[in-house]
Every structure is written in C-alpha cells, then in structure tokens.
Amino acid sequence: VEEGSEDTGTDTSNNRSKTNNSKYTPIVEETEEKREEEEEDKEEEEKEEPLDLSWPDTWRARLFYIVLAPILFPLAFSTPDVRRAKWRMFFPITFIMSIFWIAVFSYLMVWWTETLGRSISLGQKPEIMGLTLIAAGTSVPDLITSVIVARKGLGDMAVSSSLGSNLFDICVGLPIPWMVAMAVGKTIRVDADGMFCSVVMLFAMLMAIICIIAIAKWQMTKILGFSMFVGYFCYLAMALSMGLDKIPCIFDNKERAA
C-alpha cells in the first residue's frame, strides 16, 4: 500500500509539473517570437543598401526614377551617403547638407505655390494656398517618418513626432524668420480673414480627436483613422469657405467694423 501511495504521489507531482510547464510554455514562445521579430527588424535595418543611380529594369521603377531625378541627383552628388562604409565618418556633413536641401526645396515649394495661386486668381488669398498645397507638402516628411516608426511597432513615437513637429513649426519656425526680418528693419504683417475662427476650430478638432481616441480605447483602428480624415476635410472646408468669404467669421475685424 505504501508503494502504491508513493507511486500516486509521484504521479500527481509529475502532473502538476506538467501543468505548470504547460502554463509557462506560451509565455516562453511569445518571448521567443518577440526576440525573433526584433532580430528580423535589426537585420532589415542593417540591410539598408546605399543609393543606386543605375537605370531601373521595370517601367514602373523607371517612371519613379524620372520623377525623382531632380531631387536624387543633387542629393547624391552633394550629400555623403552614410550607408556606405567609407562615408560613415562624414555624418555631420550629411546632417548639415540635409538641412540645407530641405531649406532649398521648401523655398522652391513656396515660390511655385505662390506662382500657382497668382495664376488661378488667388494671389490676394495666400492663406488658401497655405492651407492646401503648402500644408500637404510640409507634412509629407512627417507622414513618411510616422509610417516608418509605426511599422516597427512604435506607435507612440509616430504620434509624438507629428505633434512635436507642429509645435516646432509654430514656436520656432515662425518666430525666427520674423525676428530676422525685424532685425533688418522689415515689418511683418499677418492678415488672414477668419484666422481666429480657424484657431478655434483647430482647438475644437483637437479636443474631438482626443475624445475619439479615448473612445477607441487608445488604439489605432481603421475607424479612428477614417474619423481623422473626415475631421480634417471638415476643417479644411470650413477654413477655405471663410478664406473665400463664403462664410463670415464672427470675430473678424471686417464684421466688427460693419
């Protein structure tokens, strides 16, 4: 009887150990999967190839090559590609040249947008071009960086980079040129009809987006993305309507004078 009881005791202990092992097995598998994903991400980052200016083989790649040639060639011949081993020590020059080319392309974008606005009889309404083309053009780098970090699972970084870039534009990008212009002796006059209403709408949109994200339990979903698109186009429609004097702003100076 004692031998049987000992056998049953060992069997129960073995069963308990098996159940405990079965509980911890999924956790170990999840950690291993995460490690494998992290290693794959590191391998992908290490596999980044330097810029290749050779003529592509497919017609689709050739089309992109022709469209991007005015940007690729100046960058390739003036900015060291740090993805090559022999140029890695010149990363400060790459950083400085990148900022320089961003300034050049931004100047050209504003110049061409202003010319386009004059050609379609919007020369007296520069804020409309700023709300549409310039806003979209300056947001493309933020979009690219947000997509890159979001694919790596860094959703917080994707959102914070967009918010930080807008704050930098408002708090640094606007004051520095104005300070330089005033130091030279020029006067900066900001005259945009309905600007105060646009700021109020923007603040209301921000509150609405925070509420929608809270309703979505702080998770990026398709419904959340669709709601953000709808909110942006609603804001854009209202701002353009006020800029074109289709909808009056109650806080506008013209309306007060009337």
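Positions are given from 1 along the sequence. No hydrogens, no waters, no symmetry mates; every other heavy atom, side chains included, goes into these values.
For Ile223, the CD1 atom sits in a loose shell: 12 or fewer heavy atoms of surrounding residues, nucleotides or ligands are nearer than 6.0 Å. Under a cut-off of 6.0 angstrom, the local environment of CE in Met207 is crowded, with over 12 non-hydrogen atoms contributed by other residues, nucleotides or ligands.
One finds the CG atom of Leu174 at 11.0 Å from the CZ atom of Phe168 (value rounded to the nearest 0.5 Å). From Ser241, atom OG reaches atom CG of Leu236 across 9.0 Å, with rounding to the nearest 0.5 Å. Interatomic distance, CZ of Phe100 versus CZ of Phe105, reported as 9.0 Å (0.5 Å rounding). Taking SG of Cys234 as the reference point, atom CE of Met205 lies at 7.0 Å (rounded to 0.5 Å). Rounded to the nearest 0.5 Å, atoms CD1 (Ile96) and CZ (Phe91) are 10.5 Å apart.
Taken together through direct or relayed side-chain contacts under 4.5 Å among Ile, Leu, Val, Met, Phe, Trp and Tyr, Leu68 and Ile66 form part of one hydrophobic cluster. Following chains of ILVMFWY side-chain contacts shorter than 4.5 Å, one cannot reach Leu75 starting from Val82, and the two form parts of different hydrophobic clusters. A single hydrophobic cluster is seen to contain both Met228 and Ile212, as judged by linkage of ILVMFWY side chains at heavy-atom distances under 4.5 Å, directly or through other members. Connection of Val172 to Ile99 is not established within any shared hydrophobic cluster, with ILVMFWY side chains joined at heavy-atom distances below 4.5 Å, either directly or through further cluster members. Under a hydrophobic-cluster definition in which Ile, Leu, Val, Met, Phe, Trp and Tyr are linked whenever side-chain heavy atoms come within less than 4.5 Å, directly or via other members, Phe203 and Ile210 are assigned to the same cluster.
The main-chain N or O of Trp59 is never found under 3.5 Å from a side-chain atom of Tyr65 such that the two would form a donor-acceptor pair. Under the 3.5 Å distance criterion, the side-chain polar atoms of Ser227 are matched with a main-chain donor or acceptor of Leu224.
When all heavy atoms are compared, the tightest approach of Ile71 to Pro74 is O-CD, 3.5 Å. Scanning all heavy atoms of the two residues, the minimum distance from Ile170 to Pro175 falls at O-CD, 3.4 Å. The nearest pair of heavy atoms linking Met97 to Thr79 is CB-OG1, 3.6 Å. Nearest heavy atoms, Pro80 versus Thr94: O-OG1, 2.8 Å.
Under the ring-ring contact (aromatic ring centres under 6.0 Å, His included) criterion, no residue pair touches residues 220-245, with sequence neighbours excluded.
In this pair, Phe73 and Phe77 present their aromatic rings parallel. The plane angle is below 30°, not in the 30 to 60° band.
Counting only heavy atoms from C-beta outward, the side chains of Trp101 and Ser78 approach each other to under 4.5 Å.
Paired with Ser106 under the rule side-chain contact (heavy atoms from CB on, under 4.5 Å), one option of Val104, Ile102, Leu108 passes, and it is Ile102.
Residues meeting the salt bridge (Lys or Arg N to Asp or Glu O under 4.0 Å) test with Asp81, sequence neighbours left out: Arg83.
Taking Ile, Leu, Val, Met, Phe, Trp and Tyr as members and joining any whose side-chain heavy atoms lie under 4.5 Å apart, directly or through other members, the hydrophobic cluster of Met109 also contains Val110, Ile134.
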